[in-house]
Amino acid sequence: MIDSSIIAIDGFASTGKSTLAKMLAKHYKYRYVDSGAMYRGITYAALHNKWMTSEGLEESKLLEGLKSINLNFEAIANSLLLNGINVSKEIRTLEVSNNVSKIATLPLVRDFLVKQQREMGKRKKIVMDGRDIGSVVFPDAAHKFFFTAHPEVRAKRRLEELKLGDPSVDFDSVLKNLIQRDTMDSQREVAPLKIAKNAIEIDVSDLSVSEVFTLLTEKIES
Ligand code: DC
């Protein structure tokens, strides 16, 4: 059954999904959930606990480790709590960004997170952004959007965000990371990044935030 109380925003990295999702959540008094932060939280835990090192990933350790992981996304403060500890800053480093797509290819991780995301959806009135929200997590959502933009526009946006935490990051490494993630996210076997059935595709390259917001609210209310 079509669920009109769920808004799903998917699309490529750094297209402004979370900015718009937060604005919609505020406007409609819905709860906002950043599903990418959840994948980043697992990646941070895997690096921190050495389930994943430069040598590779130990799936058995990760599987065991997931049992002791409790993730909580606090919409109001926009923070991710990992076993009660705020790791919002730690999950945005280039190290986590460089490893998250690998973690996101693993069915055991996806199953673990999709279950939690659907649980959150049961309370209704939710705006969730990610890569597979309209296609896998909430295929019955009434409002599904898919954001695209030119890679250079996205890299510029991401660079501005990252510079706040680390002034030494450069444009080329950010662009390279984005393109690598696009490739891995689109080509993975489980829940690849693709436009969901009935989703509305929006190229945000030449649109301002308020133009995208107007477009989304018009579609939602039409
Ligand atoms: O939105 P983001 O860039 O913070 O997401 C981080 C990574 O997590 C991204 O490279 C792909 C993955 N991801 C995913 O596979 N499925 C989601 N629903 C959300 C994110």
Side-chain angles (χ1 to χ4, degrees), residues 10 12-14 17-18 33-75 77-120 128-133 136-137 154-155 157-193:
D10 291 304
F12 289 94
S14 292
K17 298 184 299 289
S18 63
V33 176
D34 174 355
S35 71
M38 299 172 82
Y39 286 90
R40 287 172 178 272
I42 305 280
T43 308
Y44 170 73
L47 291 165
H48 187 72
N49 295 304
K50 307 217 177 340
W51 306 329
M52 184 189 212
T53 63
S54 50
E55 319 264 279
L57 171 78
E58 290 201 46
E59 273 198 47
S60 57
K61 280 193 184 166
L62 178 66
L63 185 61
E64 199 47 40
L66 284 183
K67 293 182 189 154
S68 62
I69 281 190
N70 178 24
L71 284 179
N72 221 329
F73 187 75
E74 304 242 312
N78 194 24
S79 22
L80 184 79
L81 302 185
L82 175 65
N83 295 338
I85 296 169
N86 189 341
V87 291
S88 309
K89 274 217 183 87
E90 290 79 352
I91 62 170
R92 300 285 162 200
T93 60
L94 208 48
E95 192 194 11
V96 169
S97 296
N98 283 336
N99 288 288
V100 64
S101 289
K102 168 99 189 94
I103 290 284
T105 58
L106 301 171
L108 71 105
V109 172
R110 305 206 70 86
D111 289 347
F112 178 79
L113 290 181
V114 169
K115 227 178 260 161
Q116 295 191 11
Q117 290 153 2
R118 288 193 178 140
E119 206 51 46
M120 293 167 171
M128 194 177 286
D129 74 332
R131 305 292 190 287
D132 61 342
I133 308 306
V136 174
V137 183
R154 299 190 281 128
R157 278 180 49 104
R158 189 62 128 206
L159 184 68
E160 278 161 20
E161 276 168 25
L162 286 170
K163 277 218 183 276
L164 297 175
D166 176 5
S168 70
V169 283
D170 66 285
F171 181 82
D172 288 346
S173 54
V174 174
L175 180 64
K176 192 171 152 218
N177 168 262
L178 277 182
I179 293 173
Q180 267 170 359
R181 282 206 287 147
D182 288 352
T183 311
M184 283 188 85
D185 293 345
S186 312
Q187 292 180 356
R188 68 177 174 232
E189 275 178 33
V190 187
L193 171 66

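Throughout, numbering of the chain's residues begins at 1 and tracks the sequence. Note that these values count all heavy atoms, side chains included, but never hydrogens, waters or copies made by symmetry.
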Next on the checklist: I'd like to know if the side chain of K17 reaches the main chain of F12, judged simply by a donor and an acceptor atom lying under 3.5 Å from each other, with no hydrogens or angles considered.
Outcome noted: yes

Item to check | Salt-bridge present (D132, R188; N to O < 4.0 Å) | outcome: no

Checklist entry - Does any non-hydrogen side-chain atom of R40 lie less than 4.5 Å from one of S97? => result yes

Next on the checklist: So L164 and R92, do their side chains get closer than 4.5 Å, heavy atoms only?
Outcome noted: no

Checklist entry - Taking the side chain as C-beta and beyond, is there a heavy-atom pair between F73 and L81 under 4.5 Å? => result no

Checklist entry - Shortest non-hydrogen contact from F112 to I69? => result CZ-O, 3.9 Å

Checklist entry - Residues in salt bridge (Lys or Arg N to Asp or Glu O under 4.0 Å) with K61, at least two apart? => result E58

Item to check | Residue K50 excluded, over 12 heavy atoms near NZ under 6.0 Å | outcome: no

Next on the checklist: Are M120 and M128 packed together at the side-chain level, in the sense that at least one heavy-atom pair is separated by less than 4.5 angstrom?
Outcome noted: yes

Next on the checklist: Measuring only between side-chain heavy atoms, which start at C-beta, is D166 closer than 4.5 Å to L94?
Outcome noted: no

Checklist entry - Do the non-hydrogen side-chain atoms of E95 and Y44 ever get within less than 4.5 Å of each other? => result no

Checklist entry - Do the non-hydrogen side-chain atoms of M184 and T105 ever get within less than 4.5 Å of each other? => result yes

